[in-house]
Q: 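Have a look at this one.
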Protein chains: 2
Amino acid sequence: MTRARGRAGPMRPFERSLPMQLMRAREIVMARFRPHLHAHGLTDQQWRIVRALNEVAELDMMELGARCCIHPASLSRILPRLEDEGLLRRRTSREDQRRVIVSLAPRGRQLFADVAPESEAIYAAITREIGTERLEAVYAVLDDVIRTLSGTSPQREAGKITGVPKNFAAKRAMPSAKRGR
Amino acid sequence: MTRARGRAGPMRPFERSLPMQLMRAREIVMARFRPHLHAHGLTDQQWRIVRALNEVAELDMMELGARCCIHPASLSRILPRLEDEGLLRRRTSREDQRRVIVSLAPRGRQLFADVAPESEAIYAAITREIGTERLEAVYAVLDDVIRTLSGTSPQREAGKITGVPKNFAAKRAMPSAKRGR
DNA sequence: CGCAGATGATTAACATGTTAATGGTCTGCC
DNA sequence: GGCAGACCATTAACATGTTAATCATCTGCG
(Lines give C-alpha, C1' and ligand atoms only; values in the text may rest on other atoms or scores of the structure.)
Protein backbone atom coordinates (compact mmCIF):
# COMPACT_ATOMS: atom_id res chain seq x y z
CA MET A 1 0.00 0.00 0.00
CA THR A 2 1.27 3.39 -0.99
CA ARG A 3 -0.44 5.25 1.82
CA ALA A 4 0.62 5.59 5.42
CA ARG A 5 -1.88 5.02 8.17
CA GLY A 6 -2.11 8.10 10.38
CA ARG A 7 -4.46 11.04 9.87
CA ALA A 8 -2.37 12.26 6.97
CA GLY A 9 -4.04 11.64 3.60
CA PRO A 10 -6.44 14.02 1.81
CA MET A 11 -9.14 11.46 2.43
CA ARG A 12 -9.21 8.81 5.08
CA PRO A 13 -8.53 5.45 3.52
CA PHE A 14 -11.43 3.51 2.24
CA GLU A 15 -11.14 1.02 5.04
CA ARG A 16 -11.96 3.71 7.58
CA SER A 17 -15.37 4.28 6.14
CA LEU A 18 -18.12 3.89 8.67
CA PRO A 19 -20.72 2.62 6.19
CA MET A 20 -18.21 0.12 4.84
CA GLN A 21 -17.38 -1.24 8.25
CA LEU A 22 -21.04 -1.51 9.15
CA MET A 23 -21.68 -3.34 5.91
CA ARG A 24 -18.78 -5.72 6.41
CA ALA A 25 -19.88 -6.51 9.92
CA ARG A 26 -23.43 -7.11 8.81
CA GLU A 27 -22.41 -9.33 5.94
CA ILE A 28 -20.19 -11.43 8.13
CA VAL A 29 -22.97 -11.90 10.65
CA MET A 30 -25.59 -12.62 8.01
CA ALA A 31 -23.29 -15.16 6.42
CA ARG A 32 -23.96 -17.30 9.48
CA PHE A 33 -27.71 -17.14 9.06
CA ARG A 34 -28.17 -17.17 5.31
CA PRO A 35 -27.55 -20.87 4.62
CA HIS A 36 -30.08 -21.76 7.29
CA LEU A 37 -32.71 -19.35 5.99
CA HIS A 38 -32.17 -20.39 2.39
CA ALA A 39 -32.60 -24.00 3.39
CA HIS A 40 -36.14 -22.99 4.29
CA GLY A 41 -36.61 -21.04 1.07
CA LEU A 42 -36.48 -17.70 2.85
CA THR A 43 -34.65 -14.56 1.86
CA ASP A 44 -33.31 -12.26 4.56
CA GLN A 45 -36.19 -9.87 4.07
CA GLN A 46 -38.88 -12.52 4.12
CA TRP A 47 -37.54 -13.81 7.41
CA ARG A 48 -37.48 -10.31 8.88
CA ILE A 49 -41.13 -9.94 7.93
CA VAL A 50 -42.17 -13.27 9.39
CA ARG A 51 -40.24 -12.53 12.52
CA ALA A 52 -41.69 -9.06 12.97
CA LEU A 53 -45.23 -10.32 12.46
CA ASN A 54 -44.74 -13.15 14.88
CA GLU A 55 -44.29 -10.68 17.71
CA VAL A 56 -47.70 -9.09 17.30
CA ALA A 57 -51.24 -9.80 16.19
CA GLU A 58 -51.06 -7.53 13.17
CA LEU A 59 -49.31 -4.53 11.74
CA ASP A 60 -50.01 -1.99 9.06
CA MET A 61 -47.53 -1.78 6.22
CA MET A 62 -45.87 1.41 7.40
CA GLU A 63 -45.07 -0.05 10.78
CA LEU A 64 -43.98 -3.32 9.26
CA GLY A 65 -41.69 -1.52 6.87
CA ALA A 66 -40.25 0.57 9.68
CA ARG A 67 -39.59 -2.43 11.90
CA CYS A 68 -38.07 -4.53 9.16
CA CYS A 69 -36.20 -1.74 7.43
CA ILE A 70 -37.91 -2.57 4.17
CA HIS A 71 -39.11 0.12 1.83
CA PRO A 72 -42.88 0.28 1.24
CA ALA A 73 -42.31 -0.22 -2.47
CA SER A 74 -40.45 -3.42 -1.78
CA LEU A 75 -43.11 -4.58 0.64
CA SER A 76 -45.72 -4.15 -2.07
CA ARG A 77 -43.90 -6.77 -4.07
CA ILE A 78 -42.93 -9.12 -1.28
CA LEU A 79 -46.20 -9.32 0.64
CA PRO A 80 -48.42 -10.55 -2.21
CA ARG A 81 -46.05 -13.43 -2.78
CA LEU A 82 -45.99 -14.41 0.86
CA GLU A 83 -49.75 -14.17 0.89
CA ASP A 84 -49.98 -16.49 -2.12
CA GLU A 85 -47.81 -18.95 -0.26
CA GLY A 86 -50.26 -18.83 2.61
CA LEU A 87 -47.78 -17.42 5.08
CA LEU A 88 -49.66 -14.25 5.87
CA ARG A 89 -52.91 -12.42 5.35
CA ARG A 90 -53.66 -8.88 4.26
CA ARG A 91 -56.77 -6.83 4.78
CA THR A 92 -57.79 -3.24 4.43
CA SER A 93 -58.23 -1.27 7.59
CA ARG A 94 -61.83 -0.40 8.38
CA GLU A 95 -61.05 2.93 9.96
CA ASP A 96 -58.70 4.00 7.19
CA GLN A 97 -59.25 2.40 3.84
CA ARG A 98 -55.82 3.48 2.70
CA ARG A 99 -54.03 1.22 5.12
CA VAL A 100 -53.31 -2.44 4.64
CA ILE A 101 -53.11 -4.55 7.77
CA VAL A 102 -50.89 -7.61 7.69
CA SER A 103 -50.92 -10.61 9.99
CA LEU A 104 -49.23 -13.99 10.08
CA ALA A 105 -51.33 -16.94 8.91
CA PRO A 106 -51.14 -20.31 10.69
CA ARG A 107 -48.73 -21.53 8.09
CA GLY A 108 -46.55 -18.51 8.76
CA ARG A 109 -46.59 -19.22 12.50
CA GLN A 110 -45.59 -22.77 11.73
CA LEU A 111 -42.74 -21.63 9.53
CA PHE A 112 -41.55 -19.37 12.30
CA ALA A 113 -41.71 -22.25 14.75
CA ASP A 114 -39.67 -24.38 12.36
CA VAL A 115 -37.01 -21.81 11.67
CA ALA A 116 -36.65 -19.95 14.96
CA PRO A 117 -34.91 -22.64 17.03
CA GLU A 118 -31.97 -23.10 14.71
CA SER A 119 -31.83 -19.39 14.14
CA GLU A 120 -31.53 -18.89 17.88
CA ALA A 121 -28.85 -21.54 18.00
CA ILE A 122 -26.83 -19.68 15.42
CA TYR A 123 -27.26 -16.51 17.38
CA ALA A 124 -26.14 -18.29 20.50
CA ALA A 125 -23.02 -19.49 18.71
CA ILE A 126 -22.23 -15.95 17.64
CA THR A 127 -22.75 -14.76 21.19
CA ARG A 128 -20.32 -17.39 22.39
CA GLU A 129 -17.70 -16.35 19.89
CA ILE A 130 -17.96 -12.65 20.54
CA GLY A 131 -18.70 -12.92 24.21
CA THR A 132 -21.76 -11.60 26.00
CA GLU A 133 -20.05 -8.50 27.29
CA ARG A 134 -18.54 -7.48 24.01
CA LEU A 135 -21.81 -8.15 22.27
CA GLU A 136 -23.56 -5.85 24.72
CA ALA A 137 -20.92 -3.27 23.87
CA VAL A 138 -21.74 -3.67 20.20
CA TYR A 139 -25.42 -3.03 20.81
CA ALA A 140 -24.65 -0.08 23.05
CA VAL A 141 -22.42 1.50 20.44
CA LEU A 142 -24.89 0.90 17.63
CA ASP A 143 -27.83 2.22 19.62
CA ASP A 144 -25.70 5.22 20.33
CA VAL A 145 -24.96 5.87 16.68
CA ILE A 146 -28.57 5.35 15.70
CA ARG A 147 -29.85 7.63 18.42
CA THR A 148 -27.30 10.33 17.71
CA LEU A 149 -27.82 10.46 13.98
CA SER A 150 -31.58 9.96 13.96
CA GLY A 151 -32.80 13.26 12.67
CA THR A 152 -30.79 16.27 13.70
CA SER A 153 -33.62 16.96 16.10
CA PRO A 154 -34.71 14.41 18.68
CA GLN A 155 -37.31 12.09 17.20
CA ARG A 156 -38.39 8.92 18.90
CA GLU A 157 -41.90 9.87 19.92
CA ALA A 158 -43.94 7.21 21.69
CA GLY A 159 -43.65 3.86 20.02
CA LYS A 160 -41.77 5.17 17.04
CA ILE A 161 -39.06 2.88 15.84
CA THR A 162 -35.85 4.72 15.28
CA GLY A 163 -34.24 2.70 12.56
CA VAL A 164 -36.23 4.40 9.86
CA PRO A 165 -36.83 2.54 6.61
CA LYS A 166 -34.30 3.19 3.96
CA ASN A 167 -33.90 6.87 3.56
CA PHE A 168 -36.70 8.74 5.23
CA ALA A 169 -34.73 11.97 5.29
CA ALA A 170 -32.35 11.29 2.48
CA LYS A 171 -35.17 11.67 0.00
CA ARG A 172 -35.17 14.36 -2.61
CA ALA A 173 -31.75 13.66 -4.00
CA MET A 174 -32.50 16.20 -6.69
CA PRO A 175 -33.35 15.15 -10.25
CA SER A 176 -29.88 16.44 -10.79
CA ALA A 177 -26.76 16.08 -12.83
CA LYS A 178 -26.71 12.54 -14.12
CA ARG A 179 -23.26 12.91 -15.64
CA GLY A 180 -24.93 13.02 -19.05
CA ARG A 181 -26.29 9.52 -19.35
CA MET B 1 -45.94 -4.37 23.33
CA THR B 2 -47.05 -7.68 24.67
CA ARG B 3 -43.58 -8.91 25.47
CA ALA B 4 -41.45 -8.12 28.47
CA ARG B 5 -37.84 -7.12 28.01
CA GLY B 6 -35.59 -9.50 29.92
CA ARG B 7 -34.15 -12.78 28.68
CA ALA B 8 -37.58 -14.36 28.93
CA GLY B 9 -39.18 -14.93 25.51
CA PRO B 10 -38.62 -17.95 23.30
CA MET B 11 -36.81 -15.63 20.93
CA ARG B 12 -35.16 -12.33 21.66
CA PRO B 13 -37.24 -9.48 20.33
CA PHE B 14 -36.70 -8.44 16.80
CA GLU B 15 -35.10 -5.19 17.85
CA ARG B 16 -32.27 -7.08 19.49
CA SER B 17 -31.13 -8.58 16.25
CA LEU B 18 -27.52 -7.84 15.47
CA PRO B 19 -27.99 -7.78 11.69
CA MET B 20 -30.96 -5.45 12.10
CA GLN B 21 -29.06 -3.02 14.26
CA LEU B 22 -26.12 -3.04 11.91
CA MET B 23 -28.45 -2.37 9.03
CA ARG B 24 -30.23 0.46 10.81
CA ALA B 25 -26.97 2.07 11.73
CA ARG B 26 -25.69 1.80 8.22
CA GLU B 27 -28.84 3.18 6.69
CA ILE B 28 -28.86 6.14 9.01
CA VAL B 29 -25.26 6.93 8.19
CA MET B 30 -25.74 6.44 4.47
CA ALA B 31 -28.76 8.71 4.56
CA ARG B 32 -26.32 11.54 5.16
CA PHE B 33 -24.27 10.71 2.10
CA ARG B 34 -26.84 9.57 -0.41
CA PRO B 35 -28.28 12.94 -1.42
CA HIS B 36 -24.79 14.21 -2.10
CA LEU B 37 -23.80 11.16 -4.14
CA HIS B 38 -27.04 11.15 -6.09
CA ALA B 39 -26.53 14.81 -6.92
CA HIS B 40 -23.48 13.61 -8.82
CA GLY B 41 -25.36 10.75 -10.41
CA LEU B 42 -23.59 8.14 -8.32
CA THR B 43 -25.04 5.15 -6.55
CA ASP B 44 -23.49 3.97 -3.30
CA GLN B 45 -21.70 1.17 -5.08
CA GLN B 46 -20.36 3.29 -7.89
CA TRP B 47 -18.87 5.68 -5.37
CA ARG B 48 -17.28 2.84 -3.45
CA ILE B 49 -15.64 1.65 -6.66
CA VAL B 50 -14.36 5.09 -7.61
CA ARG B 51 -13.07 5.61 -4.12
CA ALA B 52 -11.33 2.26 -3.94
CA LEU B 53 -9.69 2.76 -7.31
CA ASN B 54 -8.53 6.24 -6.42
CA GLU B 55 -6.31 4.82 -3.71
CA VAL B 56 -4.24 2.70 -6.07
CA ALA B 57 -2.96 2.52 -9.63
CA GLU B 58 -5.06 -0.49 -10.54
CA LEU B 59 -6.82 -3.50 -9.11
CA ASP B 60 -8.07 -6.79 -10.43
CA MET B 61 -11.76 -7.47 -10.08
CA MET B 62 -11.43 -9.87 -7.20
CA GLU B 63 -9.57 -7.37 -5.09
CA LEU B 64 -11.89 -4.58 -6.10
CA GLY B 65 -14.89 -6.67 -5.16
CA ALA B 66 -13.35 -7.58 -1.84
CA ARG B 67 -12.49 -4.00 -0.97
CA CYS B 68 -15.85 -2.61 -2.00
CA CYS B 69 -17.95 -5.47 -0.71
CA ILE B 70 -19.49 -5.92 -4.13
CA HIS B 71 -20.12 -9.34 -5.57
CA PRO B 72 -18.19 -10.22 -8.75
CA ALA B 73 -21.45 -10.80 -10.56
CA SER B 74 -22.57 -7.28 -9.71
CA LEU B 75 -19.22 -5.87 -10.72
CA SER B 76 -19.60 -7.49 -14.12
CA ARG B 77 -22.64 -5.35 -14.67
CA ILE B 78 -21.47 -2.14 -13.04
CA LEU B 79 -17.98 -1.85 -14.50
CA PRO B 80 -18.94 -1.88 -18.19
CA ARG B 81 -21.28 1.02 -17.58
CA LEU B 82 -18.67 3.04 -15.74
CA GLU B 83 -16.26 2.27 -18.54
CA ASP B 84 -18.74 3.52 -21.11
CA GLU B 85 -19.04 6.72 -19.13
CA GLY B 86 -15.29 7.09 -19.35
CA LEU B 87 -14.76 6.88 -15.61
CA LEU B 88 -12.51 3.84 -15.64
CA ARG B 89 -10.58 1.48 -17.89
CA ARG B 90 -10.46 -2.29 -18.01
CA ARG B 91 -7.80 -4.52 -19.48
CA THR B 92 -6.91 -8.18 -19.37
CA SER B 93 -3.92 -9.14 -17.30
CA ARG B 94 -0.93 -10.26 -19.34
CA GLU B 95 0.23 -12.83 -16.82
CA ASP B 96 -3.20 -14.32 -16.31
CA GLN B 97 -5.65 -13.86 -19.11
CA ARG B 98 -8.54 -14.71 -16.86
CA ARG B 99 -8.10 -11.61 -14.77
CA VAL B 100 -9.44 -8.18 -15.59
CA ILE B 101 -7.48 -5.22 -14.28
CA VAL B 102 -9.38 -2.04 -13.55
CA SER B 103 -8.05 1.47 -13.17
CA LEU B 104 -9.52 4.94 -12.85
CA ALA B 105 -9.54 7.05 -16.01
CA PRO B 106 -8.77 10.78 -15.83
CA ARG B 107 -12.45 11.51 -15.85
CA GLY B 108 -12.85 9.20 -12.89
CA ARG B 109 -10.08 10.96 -11.01
CA GLN B 110 -11.80 14.23 -11.73
CA LEU B 111 -15.11 12.91 -10.47
CA PHE B 112 -13.41 11.78 -7.30
CA ALA B 113 -11.83 15.21 -6.89
CA ASP B 114 -15.24 16.80 -7.32
CA VAL B 115 -17.08 14.56 -4.91
CA ALA B 116 -14.52 13.83 -2.21
CA PRO B 117 -14.41 17.24 -0.50
CA GLU B 118 -18.10 17.41 0.31
CA SER B 119 -18.09 13.75 1.18
CA GLU B 120 -15.35 14.42 3.70
CA ALA B 121 -17.31 17.36 5.02
CA ILE B 122 -20.30 15.13 5.66
CA TYR B 123 -18.08 12.64 7.39
CA ALA B 124 -16.64 15.42 9.49
CA ALA B 125 -20.13 16.49 10.50
CA ILE B 126 -20.95 12.95 11.54
CA THR B 127 -17.73 12.79 13.51
CA ARG B 128 -18.72 16.01 15.28
CA GLU B 129 -22.13 14.65 16.17
CA ILE B 130 -20.94 11.32 17.44
CA GLY B 131 -17.71 12.55 18.89
CA THR B 132 -14.23 11.40 17.99
CA GLU B 133 -13.86 9.10 20.95
CA ARG B 134 -17.19 7.40 20.54
CA LEU B 135 -16.55 7.03 16.83
CA GLU B 136 -13.26 5.32 17.57
CA ALA B 137 -15.17 3.03 19.87
CA VAL B 138 -17.53 2.20 17.04
CA TYR B 139 -14.67 1.25 14.77
CA ALA B 140 -13.01 -0.77 17.50
CA VAL B 141 -16.17 -2.71 18.19
CA LEU B 142 -16.87 -3.35 14.52
CA ASP B 143 -13.30 -4.41 13.81
CA ASP B 144 -13.65 -6.72 16.73
CA VAL B 145 -16.82 -8.31 15.42
CA ILE B 146 -15.38 -8.63 11.94
CA ARG B 147 -12.17 -10.16 13.19
CA THR B 148 -13.90 -12.55 15.54
CA LEU B 149 -16.41 -13.85 13.04
CA SER B 150 -14.12 -13.90 10.01
CA GLY B 151 -13.76 -17.57 9.36
CA THR B 152 -13.60 -19.72 12.45
CA SER B 153 -9.87 -19.74 11.93
CA PRO B 154 -7.77 -16.57 11.90
CA GLN B 155 -7.54 -15.10 8.42
CA ARG B 156 -6.07 -11.74 7.64
CA GLU B 157 -2.79 -12.73 5.95
CA ALA B 158 -0.64 -9.98 4.54
CA GLY B 159 -2.68 -7.42 2.68
CA LYS B 160 -5.83 -9.50 2.75
CA ILE B 161 -8.91 -7.48 3.40
CA THR B 162 -11.03 -9.06 6.05
CA GLY B 163 -14.46 -7.84 5.15
CA VAL B 164 -15.05 -10.59 2.65
CA PRO B 165 -17.40 -9.81 -0.25
CA LYS B 166 -20.92 -10.90 0.25
CA ASN B 167 -20.96 -14.43 1.45
CA PHE B 168 -17.66 -16.14 0.85
CA ALA B 169 -18.47 -18.86 3.34
CA ALA B 170 -22.22 -18.70 3.30
CA LYS B 171 -22.30 -20.23 -0.15
CA ARG B 172 -23.90 -23.54 -0.81
CA ALA B 173 -27.25 -22.80 0.73
CA MET B 174 -28.49 -26.09 -0.67
CA PRO B 175 -30.82 -26.24 -3.68
CA SER B 176 -33.22 -27.10 -0.94
CA ALA B 177 -36.80 -26.94 0.15
CA LYS B 178 -38.38 -23.97 -1.57
CA ARG B 179 -41.62 -24.30 0.29
CA GLY B 180 -43.16 -25.68 -2.87
CA ARG B 181 -43.05 -22.67 -5.16
C1' DC C 1 3.04 -32.76 -23.52
C1' DG C 2 -1.72 -33.17 -22.25
C1' DC C 3 -5.50 -33.56 -19.41
C1' DA C 4 -8.45 -32.97 -15.11
C1' DG C 5 -9.71 -29.96 -11.84
C1' DA C 6 -9.37 -25.21 -10.04
C1' DT C 7 -10.11 -20.38 -10.89
C1' DG C 8 -11.93 -15.86 -12.80
C1' DA C 9 -15.31 -13.40 -15.44
C1' DT C 10 -19.64 -13.28 -17.51
C1' DT C 11 -24.47 -14.13 -18.04
C1' DA C 12 -29.15 -15.47 -16.84
C1' DA C 13 -32.92 -15.53 -13.69
C1' DC C 14 -35.01 -14.06 -9.86
C1' DA C 15 -35.50 -10.98 -5.54
C1' DT C 16 -34.84 -6.65 -3.56
C1' DG C 17 -33.32 -1.49 -3.26
C1' DT C 18 -34.67 3.05 -4.94
C1' DT C 19 -37.13 6.84 -7.10
C1' DA C 20 -40.88 8.74 -9.35
C1' DA C 21 -45.51 8.57 -10.90
C1' DT C 22 -50.30 7.09 -10.22
C1' DG C 23 -54.64 6.42 -8.00
C1' DG C 24 -57.56 5.88 -4.07
C1' DT C 25 -58.59 7.73 0.57
C1' DC C 26 -58.59 10.90 4.28
C1' DT C 27 -58.48 15.55 6.71
C1' DG C 28 -58.64 20.19 7.52
C1' DC C 29 -60.80 24.15 6.34
C1' DC C 30 -63.81 27.20 3.95
C1' DG D 1 -71.04 19.72 1.91
C1' DG D 2 -67.10 20.05 -0.90
C1' DC D 3 -62.50 20.81 -2.28
C1' DA D 4 -57.29 21.09 -1.86
C1' DG D 5 -53.55 19.03 -0.11
C1' DA D 6 -51.65 15.29 2.68
C1' DC D 7 -51.24 10.33 3.02
C1' DC D 8 -50.84 5.37 1.79
C1' DA D 9 -50.30 1.59 -1.34
C1' DT D 10 -49.13 0.16 -5.77
C1' DT D 11 -46.66 0.10 -10.03
C1' DA D 12 -43.03 1.03 -13.34
C1' DA D 13 -38.26 1.51 -14.44
C1' DC D 14 -33.77 1.01 -13.43
C1' DA D 15 -29.68 -0.57 -10.38
C1' DT D 16 -27.93 -3.94 -7.45
C1' DG D 17 -27.90 -8.46 -4.56
C1' DT D 18 -27.68 -13.46 -5.07
C1' DT D 19 -27.20 -18.04 -6.98
C1' DA D 20 -26.24 -21.13 -10.50
C1' DA D 21 -24.55 -22.17 -15.03
C1' DT D 22 -21.21 -21.33 -18.64
C1' DC D 23 -16.92 -20.32 -20.90
C1' DA D 24 -12.10 -19.36 -21.04
C1' DT D 25 -7.82 -19.80 -18.89
C1' DC D 26 -4.56 -21.60 -15.77
C1' DT D 27 -2.10 -25.18 -12.78
C1' DG D 28 -0.68 -29.32 -11.06
C1' DC D 29 0.46 -33.75 -12.13
C1' DG D 30 1.07 -37.99 -14.60
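From a predicted model like this one, the values you see are computed outputs, not experimental measurements. Quick note: numbers below take in every heavy atom, side chains included, and nothing from hydrogens, waters or symmetry partners. Convention: sequence-line order gives letters A, B, ...; per-chain numbering from 1.
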Q: If I take atom OG1 from residue A:Thr43 and atom CZ from residue A:Arg34, how far apart are they, to the nearest 0.5 angstrom?
A: 10.0 Å
Q: In plain terms, say whether B:Asp84 and B:Arg81 are close enough for a salt bridge, that is, a side-chain N and a carboxylate O under 4.0 Å apart.
A: no
Q: Can you tell me if A:His71 touches the phosphate of C:dT19, counting only side-chain N or O atoms and a distance under 4.0 Å to OP1 or OP2?
A: no
Q: Looking at B:Arg81, does any N or O in its side chain come under 4.0 Å of the phosphate oxygens OP1/OP2 on D:dT16?
A: yes
Q: OP1 or OP2 of C:dG17 less than 4.0 angstrom from a side-chain nitrogen or oxygen of B:Gln45, does that happen here?
A: no
Q: If only side-chain N and O atoms of A:Arg34 are considered, is one of them under 4.0 Å from the OP1 or OP2 phosphate oxygen of D:dT18?
A: yes
Q: Strictly under 4.0 angstrom, non-hydrogen atoms only: write out the protein contact profile of nucleotides 2-9 of chain C, one letter per nucleotide from the 5' end, B, S or -.
A: ----BBSS
Q: Hey, is the side chain of B:Thr43 poking within less than 4.0 Å of OP1 or OP2 on D:dT16, counting only N and O atoms?
A: yes
Q: Checking the side chain of A:His40 only, and the main-chain atoms of A:Trp47 only, is there a donor and an acceptor separated by less than 3.5 Å?
A: no
Q: Whether B:Arg67 and B:Glu63 form a salt bridge (side-chain N of Lys/Arg under 4.0 Å from carboxylate O of Asp/Glu) is what I want to check.
A: yes
Q: Hey, could you give me the OG/CG distance between A:Ser103 and A:Asp60, rounded to the nearest 0.5 Å?
A: 12.0 Å
Q: Taking 4.0 Å as the cut-off, does a side-chain nitrogen or oxygen of B:Gln46 come that near to OP1 or OP2 on D:dT16?
A: yes
Q: Regarding B:Glu58 and B:Arg90, does a basic nitrogen lie under 4.0 Å from an acidic carboxylate oxygen?
A: no
Q: Tell me which of B:Ala73 and A:Ala73 sits closer to the 5' end of DNA chain D, going by the nucleotide each one is nearest to.
A: A:Ala73
Q: Measuring to OP1 and OP2 of D:dG17, would you say a side-chain N or O of B:Ser74 lies under 4.0 angstrom away?
A: yes
